[in-house]
2 protein chains.
Amino acid sequence: MREFKRKSRILLVDDNAEHLRGIKELLTLETSYDIAGTTTSANIGINLVKKYRPEIVIMDINLPEKDGLQAIQEIEKLGLGTKVLVLSGYDDPDLIYRAMKVGAKGYVLKTMSSAQLVYAIDEILSGKYYLPSALSSKFFEHFQQSFREESEVSDEENLLTYLTSREEEVLELLTQGNNYKGIAGKLFISETTVKTHVNNIFQKLQVNDRTQAVLYALNNGFGKKIRAKISA
Amino acid sequence: MREFKRKSRILLVDDNAEHLRGIKELLTLETSYDIAGTTTSANIGINLVKKYRPEIVIMDINLPEKDGLQAIQEIEKLGLGTKVLVLSGYDDPDLIYRAMKVGAKGYVLKTMSSAQLVYAIDEILSGKYYLPSALSSKFFEHFQQSFREESEVSDEENLLTYLTSREEEVLELLTQGNNYKGIAGKLFISETTVKTHVNNIFQKLQVNDRTQAVLYALNNGFGKKIRAKISA
DNA sequence: TTTGATTTAAATCTAAAGATTGAGAAAATC
DNA sequence: GATTTTCTCAATCTTTAGATTTAAATCAAA
């Protein structure tokens with residue numbers, strides 16, 4: 001099948017020059033591939049993507065240097081539809097998670113067989129994602145962990161639960177940037193009543209002003225609206 | 001290997017009674033499994049989890065009824081370490097994504113072979129996650145899509161880009177709930193200077209008060225801090 | 001039916017926030 | 001070297017926010 005298609009341009013990025021040569025030799029054996037270029041620098045790699053428009057970039061990621069992740073992100077930003085396959089020596093759940101998060105189409109280990117690598121490349125070239133079963137499992141460890149942390153916040157000791165339904169309505173309008181007059185108008189009550197509610201909200205949430213109240217609401221899953229925690 | 005372990009208790013939840021019997025017969029052939037119970041109701045299923053403490057729950061999910069997803073979430077909340085394997089007739093990316101998000105350990109289709117189902121169960125019982133390659137690919141479609149929507153927000157026309165570095169510092173402290181005095185103290189400048197900065201921030205962000213400024217900042221990816229969009 | 005919580009409201013006061021103008025010093029840019 | 005931003009600060013003023021007290025009407029529950 002592959003023999004009848006146009007050759008797929010591949011760009012190799014790996015800061016280990018020897019490793020780079022090894023992969024290149026391995027892939028040149030495949031008649032359907034065309035090695036568009038190789039480089040040991042992530043930044044040069046981005047420029048080569050702009051220049052040669054490869055279908056796929058095989059990129060090494062080292063745990064100490066985070067350049068690889070950022071490079072993937074920048075390649076994605078170009079909007080050229082370039083697919084990135086991560087070839088890493090680490091099966092760290094966090095690294096796998098972040099690589100997929102920034103847009104990688106696959107993640108394989110350097111210890112895998114050449115046949116597996118070719119399979120991964122073909123899967124990705126055909127528009128699919130590819131993550132080996134073992135790495136997929138590690139990915140989900142991290143994926144679900146990030147949501148568990150969220151729901152732990154809105155467990156108990158959430159001061160929002162002490163609010164009455166009317167106070168929730170007032171807080172909702174506060175989180176939309178309304179002042180006293182705006183809230184009074186929207187709830188058809190007097191401004192002084194709104195002040196009473198707002199003061200009660202402050203006491204219950206143990207804050208001093210509306211900005212702190214709004215921040216508390218947003219950070220504690222107000223109105224079942226889930227917000228991701230601040231992440232690097 | 002499995003023959004020497006204690007039998008694993010399995011709970012089956014499927015609103016199709018016939019299907020339920022079929023799976024039950026299939027799994028009773030496996031000597032290492034012990035069917036702890038079967039039910040066609042998600043709510044009864046949760047109670048059976050509390051009662052029999054199965055190692056694994058095999059749960060059907062229908063697209064129209066969202067009860068299944070909520071049931072998974074509630075089983076997770078129990079904190080009994082019960083693993084949930086979704087057995088669904090749909091390979092919808094959104095459904096797969098949400099099932100894994102709420103805590104499922106695996107997701108397989110009803111069309112799969114019995115050997116594959118047994119393999120999935122064993123993988124999950126051994127502490128891994130299991131998602132077949134084809135479904136894994138669909139999962140990542142949705143996963144990466146959700147992040148692409150985020151970065152589109154902070155594209156252009158982001159008024160935050162007009163802020164000077166000092167104004168960014170002030171805004172950062174505003175988003176932490178500080179008042180004028182607090183900001184002045186932390187930046188070692190006078191309170192009047194802070195007022196000047198804040199007023200400039202208001203003009204640049206086209207808002208009227210600090211709460212609106214803070215909300216604008218949080219909703220437009222202030223300081224590269226990524227926040228998920230409001231999701232149901 | 002009475003108790004307790006909620007919602008509504010007013011009056012008063014202090015403190016903080018916000019608008020505006022003007023202006024000097026430093027730093028970056030041209 | 002001249003120009004423009006940026007950062008700093010002050011003074012003044014108006015408005016809004018927030019604290020506190022008191023209290024009436026409503027409503028659900030004991």
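Here is the naming used below: chain letters follow the sequence lines, and residue numbers restart at 1 for every chain.
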With a 4.0 Å cut-off on heavy atoms, is A/Tyr180 in touch with a base, just the backbone sugar-phosphate, or nothing at all? base
From D/dT8, C/dT8, C/dG18, pick the nucleotide closest to the side chain of A/Thr196? C/dT8
Closest of C/dG18, D/dT8, C/dT8 to the A/His197 side chain is C/dT8
At 4.0 Å (heavy atoms only), tell me whether B/Lys195 reaches a base, stays on the sugar-phosphate, or touches nothing. base
Between C/dT7 (C1') and A/Glu191 (CD): distance, integer Å: 17 Å
Rounded distance in Å - CD1 (A/Ile189) to C1' (C/dT6): 12 Å
Going by atom type alone, with no hydrogens or angles, which donor-acceptor pairs under 3.5 Å involve a side-chain atom of residues 48-57 of chain B and a protein atom two or more places apart or on another chain?
{"from": "B/Arg53", "atom 1": "NE", "to": "B/Lys50", "atom 2": "O", "distance (Å)": "3.4"}
{"from": "B/Glu55", "atom 1": "OE1", "to": "B/Arg9", "atom 2": "N", "distance (Å)": "2.7"}
{"from": "B/Glu55", "atom 1": "OE2", "to": "B/Arg9", "atom 2": "NH2", "distance (Å)": "3.4"}

In whole Å, what is the span from the CG atom of A/Asn208 to the P atom of D/dT20? 11 Å
Is the positively charged end of A/Arg210 above the ring of A/Tyr180, judged by distance under 6.0 angstrom from the centroid and angle within 45° of the axis? yes
Roughly, in whole Å, what's the span from OH in A/Tyr162 to P in C/dA5? 15 Å
Starting at atom CG of B/Leu174, determine the distance to atom P of C/dA16, rounded to an integer number of angstrom. 16 Å
What is the distance, rounded to the nearest whole Å, between atom NZ of B/Lys181 and atom P of D/dC9? 17 Å
Over 60° means perpendicular and under 30° means parallel, so tell me whether B/Phe140 and B/Phe143 are parallel, tilted or perpendicular. perpendicular
The answer to which of A/Gln203 and B/Arg166 contacts DNA chain D further toward the 5' end, by nearest nucleotide, is B/Arg166
Out of A/Tyr107, A/Tyr129, A/Tyr97, which one pairs with A/Phe139 under the ring pair (Phe, Tyr, Trp, His ring centres under 6.0 Å) rule? A/Tyr97
Which one, D/dA17, C/dA9, D/dC9, comes nearest to the side chain of B/Thr192? D/dC9
For A/Asn199, answer base if it contacts any base atom (sugar-phosphate contacts may also be present), sugar-phosphate if it contacts only those atoms, and nothing otherwise; contact means non-hydrogen atoms under 4.0 Å. base
Side-chain N or O of B/Thr193 less than 4.0 angstrom from OP1 or OP2 on D/dT8? no
Nearest to the side chain of B/Thr164, which nucleotide is it out of D/dG18, D/dT8, D/dT6? D/dT6
Can you tell me the distance, in whole Å, between the CG atom of A/Asn200 and the P atom of C/dA9? 14 Å
Rounded distance (Å) that lies between atom P of D/dG18 and atom CD1 of A/Ile183: 10 Å
Sorted by chain and residue number, the salt bridge (charged side-chain N to carboxylate O under 4.0 Å, His left out) partners of A/Lys24 (sequence neighbours excluded) come out as none
Verify the contact: side-chain N or O of A/Ser190 to OP1 or OP2 of C/dA10, cut-off strictly under 4.0 Å; return yes or no. yes
